[in-house]
Every structure is written in C-alpha cells, then in structure tokens.
There are 2 protein chains.
Amino acid sequence: MTTLKDIGTALGLSVTTVSRALNDFPEVSAQTRDRVRAAAERLGYQANRSAQRLATGRSGMVGMIVKTSADYRADQTFMEILVGMSAALAARDTDLVLAVDQGRDPVEPYRRMLGRDLLDGFILNAPVTHDPRISFLNERGIPLVVHGRDRVDADYPFFTIDNHAVAAESVQLLAALGHRRIAYLNGPEQYSYAARRAQGYRAAMAQAGLPVLEGALTHDPPTAAAGYRQALSLLAGQRGAPPTAFICGSLLLAEGVMHATVDLGLAVPRDVSVMAHDDGLPMLSASSFTPALTVTHAALHDACVPLANALVDLIGGADPMSLQVLNRAELIVRDSTGPAPETGRTPWP
Amino acid sequence: MTTLKDIGTALGLSVTTVSRALNDFPEVSAQTRDRVRAAAERLGYQANRSAQRLATGRSGMVGMIVKTSADYRADQTFMEILVGMSAALAARDTDLVLAVDQGRDPVEPYRRMLGRDLLDGFILNAPVTHDPRISFLNERGIPLVVHGRDRVDADYPFFTIDNHAVAAESVQLLAALGHRRIAYLNGPEQYSYAARRAQGYRAAMAQAGLPVLEGALTHDPPTAAAGYRQALSLLAGQRGAPPTAFICGSLLLAEGVMHATVDLGLAVPRDVSVMAHDDGLPMLSASSFTPALTVTHAALHDACVPLANALVDLIGGADPMSLQVLNRAELIVRDSTGPAPETGRTPWP
DNA sequence: CTGAAAGCGCTTACAG
DNA sequence: CTGAAAGCGCTTACAG
C-alpha cells in the first residue's frame, strides 16, 4: 500500500505537505497540490481508513442495522435501501458496515457498534412511532439519518414521503369517483409510515363525509396472502356492506386483493376499484397488473442519494434541520379504478 | 470510550500488561488476567478497531460485494446469505462491510476495497465458472471464502452443496418412477451451480439410459414467470413429445410450472410430476405447494456459520484446504411426484 | 511475570 | 508556503 510517506519521498516533500495537498488545505501552493495529486494518482494512493480514524476520530464508515427474523417480510424494501445506500455512500467515499439484530432490545446492537468506536454515524429505516433507537442515538449525539420519520416534529435529518398525503389523495380520488365504502389495507400498525397513512385515511374520509366502516382499516405485513385474506373477508364476509374500493399499502397487498376479486367473480374496476402505494421495487410492476394498477408512486431508491448525502454532510457538521426532506408521492391513474357501481351489490346497511 | 490506558490506570498496570491479559497471552498471571478482565467488563471496554488494525494489520472486518441491477433477481438468496453471514461473523467478533458493484468489471470493486487497506478478507457468493474475482484475490493472497465453488478442484475455502448430486438424485427418483422424458429447468448457465447441475442431469440421464430431449434442459433466472413460460412451451408447444416430469432449479421456477399445469388442465402428479431444489428461503415453503412439493432441500442459512468460521480461521492462519465443505442436499419426497403416466398424452416420437 | 518504548499511517497545532 | 513533532489506541519485540 502506498502511504503519504511514499508520496513525500518520491516528491521530496514532507508527509505534512502531502497530507495537506490531498485534503485541499488552502495554504498549499497550486503547483505543489497538482504535483502531489498526480503522484498520488500514479502510485494508486488511497488513504488508510484506520489511520485516519485514529487521527481524526472519523472513519469514513457508517452503519446500518437490519432487524431479522420477525421482520423478514421487509426484505424487499430493506434490500432496496441497503443496496441503494451503499452505492450512494460510495460516491461520497464512505463505507457501509452491516449488522444484524436478532434480539428483543432494539437499541442493544447500536450500543455494541458504538462501543467499537468505528463508525461515524447510522442510517435507520422502518422507524416505529417514537422509535427508541432514534432517541438513544440522539441523546448521545451520534449522527443519524432516517428513512421515514418516527414523528411529525422530528428534529433529525430524514427523507420521507408524505404518507398522510399518500392516503388522503387516494381517498380523494376514489371519493371523486363516487365511492363511499372505501377500505384501507394498511401496513403493520407500529410502523410510523402506517400510522401516518391511517391518519391521512381517516382525515380524508371525514372530510369527504364518508364513514369508516367496521373492519375497513386493517393492518398487515405487506404480503399477497394478507391482501387476499382481508379482501375475501371484506367482500364476502359478514362484516356488513362490502367496500366498493380498496386502497392497499403495497403492491403485494394489491396482488392479493386482485386475486380475491377474481375468485369472487368480481370485475375490476366495474364492481370494485383497487389502488395501491407503489414503492417502485424492481420485479414488481404496477403497470403489468391486470388491469394496470392505479397507484401513488414513490421509488424507494430515490431516497438513497439524498439520505447518503445528508449523513455525510451531517457528519461534516451541517445543521440537522436543514437536512430534512419531505417528498410528495406521484398519483398515477391507470385502469384499476373507476366510477363506483351504480347499485351496490348489497344494499347500504 | 474506555481505552487500555484507562484500565491500566485503574489497576496500576501498564497498557502492555492490560493488552496481554485481554489477548490471552500465556505469560500473564492468572490473577492479573482476571483483574483486568473484570475491570474491562466493568468499564465497558471494547477494543478500538482502527488502532488494532494499524498496529496488527488486521481490522476484524471483512467485505462482501453485491452485484446489482442485472443480478437483482438474486435478491432473495443474497439477502439470506448476507444476513446470515453478518450474524455468524458477529459471533466471531468480526464486522461486515458491504459494497455494491454496478460496473462491468467484476474485480474492480475488490481492487478498490483492497486499496482502502481496511478489510481482512472477503466472502464471495454466486460464483460463475472460473470466476475472475476468485483468481484476482487468490493471486494477491487475500483471504477469501466462497459460497459455492467455481470449479471442482477449487483450492480455496468454500461451502457448497453437491450440485451434481442434487440433479442426479432427482433424475434417479423420477427414473425409478418410470419417467423417461424428464425436463430440467436450470438456473442461468454462467453460474457454476447451474453448470454443475447440468452435468449431474446429463450424467444421470445417460446412466438411466434416457435421452435428453431437444429443449428439455433450459437456463433461466429463478422466477415464476420463466417456469411458467418454459413449462407451457414444453407441454403444449411444438418441441416434440412433452416431458412427463420436471425438475426445477428453484421453488420459484416450480411455482411457474405448477401454474402452467393448472392452466393446461393437467393434474400433478397424475399427468406430470414436478420437483425442485429448495434453498430453504423464508416465506417460500415447498410443503405448502398444492400438492406439497417433492424437493432436494438444503437451507442457504446453514452455510453461513461454517463460512464465517472458515473465513475467520483462514485469516488466523488456518490451512485453506482444511476449510472446504461439500454438503449433500436432503431428498424429501412429498406429493408432487408419482409414477409416470401409463400412456403418454402424446405418443413417443 | 511486567513494563518502557517504538511503530502502524494519518492529522494538526506549532514554528518558521 | 512548508516541515518537525506529537498524538490517536493499539501491539510487540526487547529488557528486566
């Protein structure tokens, strides 16, 4: 490995000057800087991270901890974030250390990683409301960015879509089409994104003067099986008048709902409208549903570059509050939503 | 952060002695060792990785590089390995650094990580035959372990199942049931596991005196869509006499095949037998297929602890050849395989 | 059995 | 504008 000393020797300079040249210190002359740069390039120099960390307290490495087992369902979205973050961090010359969490205590793995004194900060994802990991790290002044946010008045850097709007706009679209009985198949209750969508759903239903029917707001992991089960229960079950429209928290839930409509001999959108939120995951395309699915759309990978930059900037001393991004999802109307059926299949209760 | 000096000061010992006590050097007295251990525990000491690396050349960190985009299909298996390895490495006090590879040159990301001079070794997965990454790292003497192996005479540590046997035993089971036209829906050709299975398939077919029909050995990514398409083409297409049995490289391929049989009005196993290799991925259960699927079974996560241990031992100086594991997959006969139909749906060509 | 000292490769006051 | 020196927290010959 080439060291600063190697470059210095080659050029007849001290390591001090070489270090300064490479780190863009203003006092070094332009000519020296260029010579050093050229030599570093030629010799294939890359700074030794361990030595840098020891000297500066910064390692150029950040951590991400994945909850396993119970949360395996998050694989798809987690993998998307993980790979995207890793690439975006690499562009900022930062490495990503991965750890898994298998225990009950959500902060324990963070404590352990901090003890190693190796990482400059953390990326968290899938926050629950008032996430204990966030307060733990915040209290200790550890830089962190969050994909999502654990409360609306978050005081740390985050990137999230407006989940309240995601739900509300979906309701508004369907209400405008004349639907009155609108079911919302939401994600698991503890996650803040799901809690926020539930609020948006209720608010928009209230504003449209529509009742939230018994059992019409459900909380499940994003799987086709759950979507199928809930749709079957709502459409054919004994829970009162069936919904004429479904809003699904994910494409997988929508897949299950579509399956259920087929099995019940219902046509989409003639008998029932279906829409979903689309995270833009590869290999899961809303437009290739039959019929093509109306969605609110926000690709998860769009979060990665902003999050990576925010974390690196934060570590560099930027103001946390300036690193908060609230994005709006895009509403894409396709063929799975249509006017409410003139006469309900069953009379209004 | 507690340092060796802190412990030394608290105990009236030098950092030298503290370091030795913590690292189990034989010369330190049992009493001193215990005192040091207790103090370290009490003060919450964890060695600073960067300092250790600088002093010893070892960082306690290893790397894994994931190919993205084109290879996204590998998500499921990759995530399983990634999470499993991370946990298994943590048990050996080793951290995992993740990088993504988005380029064309497969060795470039390894070269870049080596330049950082941060990692003690690498875990590779999904090797292609004569994988250039493996020779690149081997030539430079970088410790590595491979999930799978890129050739049968591999001279590095690996953990793999016997893919030749996986295919051969499947053929033998079906041949014993009287099947003569057996299709093999394999994984992509370039991966060594798929190449090895193709060899096993051909060998077992030859040994059973059965012909490999035109188009009966296919290579596709492990998706339900590919399974569906191939099964449809083989069962209803113009490729000659249809197979009476399918062996699938993965559960997803089998899912597609099952779907195709339903659409064609064929009963499994009466009209056609179906079996697959099952990687033991969560949320994808062979026994919940209808009918329950006969499989060769080897859970991917079983590879993680052996691989993690092998890598740590290798870094510690163990003989690479002693760290090679070839496991046999388990044959589990369920309800999707049965005797070959008495009379073929179409006559023997 | 224990300790003082050098060194790993960097950064950063402090001098000039 | 450049350099000599100290220091980050460890490990490891070298002495005793």
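Protein chains get the first letters and strands the later ones, always in sequence-line order, with residue 1 at the start of each.
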Dot-bracket for DNA chain C, 5' to 3', Watson-Crick and G-U pairs with both distances under 3.5 Å, [ ] for crossing pairs, | for partner on another strand, reads |||.||||||||.|||
How close or far is atom [atom2] of [N] from atom [atom1] of [X], stated in whole angstroms?
X: Arg20(A); N: dT12(C); atom1: CZ; atom2: C1'; result: 8 Å
X: Ile7(A); N: dG9(C); atom1: CD1; atom2: P; result: 13 Å
X: Asp6(B); N: dG9(D); atom1: CG; atom2: P; result: 8 Å
X: Leu4(B); N: dT2(C); atom1: CG; atom2: C1'; result: 15 Å
X: Lys5(A); N: dC8(C); atom1: NZ; atom2: P; result: 6 Å

Under 3.5 Å donor-acceptor, [X] side chain and [Y] backbone:
X: Asp6(B); Y: Thr3(B); result: yes
X: Thr2(A); Y: Leu43(A); result: yes
X: Gln324(A); Y: Ala154(A); result: yes
X: Asp150(B); Y: Asp131(B); result: yes
X: Thr56(B); Y: Gln52(B); result: yes

In terms of the angle between their ring planes, are His147(A) and Phe159(A) parallel, tilted or perpendicular, with boundaries placed at 30° and 60°?
-> parallel
Residue-phosphate contact under 4.0 Å: Ser14(A) side-chain N/O, dG3(D) OP1/OP2 | yes
Phosphate oxygens OP1/OP2 of dT2(C): is one of them under 4.0 Å from a side-chain N or O of Thr17(B)?
-> no
Residues [X] and [Y] bridged, charged N to O under 4.0 Å:
X: Asp24(B); Y: Arg37(B); value: yes
X: Arg149(A); Y: Asp155(A); value: no
X: Asp313(A); Y: Arg92(A); value: yes

Numerically ordered, the residues 22-42 of chain B set in heavy-atom contact under 4.0 Å with DNA chain D is Asn23(B), Phe25(B)
Could you check which residues of residues 48-57 of chain B get a heavy atom under 4.0 Å from DNA chain D? Sort them by number, please.
-> Asn48(B), Ala51(B), Gln52(B), Leu54(B), Ala55(B), Thr56(B)
For Thr16(B), report the nucleic acid contact type (base, sugar-phosphate, nothing); a contact means any heavy atom under 4.0 Å.
-> base
Distance flag, aromatic centroids of Tyr110(B) and Phe122(B), threshold under 6.0 Å = yes
Comparing nearest nucleotides in DNA chain C, the 5'-proximal residue of the pair Gly12(B), Thr3(A) is Gly12(B)
If you round to the nearest 0.5 Å, how far is CD1 of Ile142(B) from CE of Met113(B)?
-> 12.0 Å
